[in-house]
Amino acid sequence: MSARAIVLAAGKGTRMKSARPKVLHELCGRPMLWYVLEAVRKAGVGEIVVVANEELDPYLAGFAAPGAVPMRTVVQEPQLGTGHAVQVALEALPASQGALLIAYGDMPLVPAATYRRVLNAVDANVALALTTARMPLPSNFGRIVMRGPKLERIIEARDCTPEELEIDEMNAGIYSYDEASLRGVIGRLSNDNVQGEFYLTDTVELLIGSGKRVIPLLEPDYRVVLGINDRIELAAAAAQMNLRLCEAHMNEGVTIVDPATTYLEPELTLAADVVIEPNTRIGGRSKVGPRSVIGPNSRITASTIGTDVRICESIVTESVVGDYSSVGPFAHFRAGTELGTGVHIGNFVEIKNATLAADVKAGHLTYLGDTAVGRAANIGAGTITCNFDGTNKNRTEIGEGAFIGSNSSLVAPVQIGDGALIGAGSVVTHNVPDGERVAGNPAKPLPKKAPA
Ligand code: UD1
Ligand code: MG
C-alpha cells in the first residue's frame with residue numbers, strides 16, 4: 001500500500017492580516033497549498049488528509065485534488081497546536097501500517113524529492129525521519145538538539161534558552177512516521193510550554209524515550225524549506241518559485257531574456273526555441289508552439305499559441321492563435337478569440353468571441369466581437385462590429401476575401417458576403433450579398449463598375 005499524508009493547514013495565519021485563509025494565498029498563479037499537495041503526490045503518496053479550520057474548509061471542497069490522489073479534509077477547531085492537529089487527523093483516519101508523511105501547508109517550495117527522502121527512510125527500525133536544515137541566525141524555527149551524534153529533541157524557538165538559540169540546525173517541519181509508533185505517543189503530548197500548545201515536535205523526545213529510532217536528514221538548501229508567515233515571505237517565495245519555473249523551461253530550450261521580469265505559472269507547455277521577452281506573464285495552462293516570440297510587455301492566459309507566432313505588447317486571454325500569425329503591439333484578445341493560420345492583427349485591435357480564418361488582416365484600431373471572419377478578408381482601420389443593441393449581443397459574419405473600408409460600423413446582426421466591398425466610413429445596417437459594393441450612412445449599393 002502506498003504511503004498516506006497529513007497536511008496541516010488549520011493555523012490562523014494571523015501575520016498575513018487577511019480575510020483569506022493563509023494557505024490560499026497565491027504565488028505564481030496557484031495557492032500555496034496547491035504546491036504542497038502536488039509535491040506530496042509526486043513523492044508517491046496515495047491518500048491525503050488536509051487538516052483545515054472552519055474558514056478554509058469550504059474552499060477545499062472545490063479544491064481539485066492533484067492527479068488521482070484521494071483527498072479529504074478534517075476540521076480542527078479550535079487550533080491547539082501542530083500535535084493537536086495530528087491527533088484530530090489520526091482520529092478521523094482508520095489505522096494503517098507503514099509510513100505516514102506529515103507536511104505543513106505553508107511550505108510551497110519543498111520539492112517532491114525532499115518528501116520522498118523522509119518517506120524512504122522509514123522502515124521497521126526507524127520510527128521517524130525528519131528533515132533538518134542549517135540556517136542563518138536569528139531564526140524562529142525549532143532547534144535540533146543533539147547529544148553527541150544523536151538527536152535528542154526539538155525545542156521551539158520561543159522555549160529556547162539563549163544558548164539553545166545559537167543552534168543553527170533547524171526543524172524544517174517535514175516528517176515521515178511509522179504510523180503505529182506515532183499513534184503510540186500522540187496521546188501523550190503536553191501543552192506545558194510558552195505557547196500553551198500541543199507540539200508535534202515533542203513526539204521526537206517521546207519516541208526516543210520509548211526506545212525508538214528517530215533520524216534527522218539534512219536538506220542542503222535551506223531556502224526550499226522556508227515557510228510563509230507574512231506577505232514579505234510570500235513575495236520572496238514567489239520570486240524563488242518563479243525562477244525555478246523559468247529555469248525548468250530554459251533547461252528545455254526556451255529563451256527567457258529576463259527571468260526577473262518574466263512571470264510564469266506551473267502547468268505551461270512551452271516548446272523548444274520559444275522566446276519570452278521581458279515583462280511578460282504567461283499563465284493558466286497556456287501552450288506556446290515552437291519558435292514563437294512572446295513579449296515584451298505581454299500577458300497570455302489560458303491560451304494556445306501556435307508555431308512561429310509573434311505576439312508583441314499584447315494581452316491574450318482564453319484564446320487560440322494560429323501558426324505564423326502576428327499580433328500587436330497593443331492588441332487585446334478577450335475570451336473566445338480564435339485566429340487561423342497567418343492572421344495579422346495590429347495595434348489597438350480588440351477581439352472577443354470571434355473566429356478569424358487564415359490570412360485575415362486587421363491592422364489598426366478595430367473592435368471585432370461575436371464575429372466570424374472568412375479567409376483573407378481585410379478589415380480596415382477603425383472598423384467596429386456594433387454587436388450590442390442595448391439588450392442583446394448580435395453576430396456579424398464577414399465573408400471570404402471581403403474588404404471592409406476604414407472607419408466602417410457593421411451594425412449586427414449583419415452578414416457581409418464573400419468578396420463584398422464596404423466603402424470607407426459606411427454604416428452597414430443590412431446584409432450585403434456576395435460581391436456587392438456598398439457605401440454611405442446608411443450604406444447603399446454603389447453603381448456597378450462599367451465594363452473596361
Ligand atoms: C513549526 C514547528 C517548528 C518548525 C517550523 C517550520 C511545531 C510545534 N513547530 O513551527 O519546529 O521549525 O514549523 O516551519 O510544529 N497548524 C495546524 N493546527 C494548529 C497549528 C498549526 O494545522 O493548531 C498548521 C499551520 O496551518 C501550519 C503548520 O501547522 O501550516 C505549522 O504551524 P505554525 O504555527 O506555522 O508552526 P511554526 O511556529 O512555524
Ligand atoms: Mg510556520
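All values below were derived from every heavy atom in this structure, side-chain atoms included, with hydrogens, water molecules and symmetry-related copies excluded. All ligand and atom numbering here is 1-based and tracks the order in the structure.
With sequence neighbours excluded, the residues forming a salt bridge (Lys or Arg N to Asp or Glu O under 4.0 Å) with Arg30 are Glu265, Glu267, listed by chain and number. For Glu26, the salt bridge (Lys or Arg N to Asp or Glu O under 4.0 Å) criterion is met by no residue, not counting sequence neighbours.
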Are there any N/O pairs under 3.5 Å between ligand 1 and the protein, and if so, what are their distances?
unit_1, atom_1, unit_2, atom_2, d
ligand 1, 9 (N), Glu156, OE1, 2.9
ligand 1, 9 (N), Glu156, OE2, 3.1
ligand 1, 11 (O), Glu156, OE1, 3.4
ligand 1, 11 (O), Glu156, OE2, 2.7
ligand 1, 11 (O), Asn171, ND2, 2.9
ligand 1, 12 (O), Gly142, N, 2.8
ligand 1, 12 (O), Asn171, O, 2.6
ligand 1, 15 (O), Thr82, OG1, 2.8
ligand 1, 15 (O), Tyr104, OH, 2.7
ligand 1, 18 (N), Gln76, OE1, 2.7
ligand 1, 22 (O), Ala10, N, 2.9
ligand 1, 23 (O), Gln76, OE1, 3.4
ligand 1, 23 (O), Gln76, NE2, 3.1
ligand 1, 23 (O), Gly81, N, 2.8
ligand 1, 23 (O), Gly81, O, 3.1
ligand 1, 26 (O), Ala10, N, 3.4
ligand 1, 26 (O), Gly11, N, 2.7
ligand 1, 30 (O), Leu8, O, 2.9

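Pairs passing the salt bridge (charged side-chain N to carboxylate O under 4.0 Å, His left out) check and including a residue from residues 111-135, sequence neighbours excluded, read Arg134-Asp168, Arg134-Glu169.
In this structure, Ile154 and Val145 have side chains that are not in contact, with every pair of non-hydrogen atoms separated by 4.5 Å or more. For the pair Met146 and Ile144, the minimum side-chain heavy-atom distance is below 4.5 Å.
Between Asp308 and Arg291 there is a salt bridge, since a side-chain N of the basic residue sits under 4.0 Å from a carboxylate O of the acidic one.
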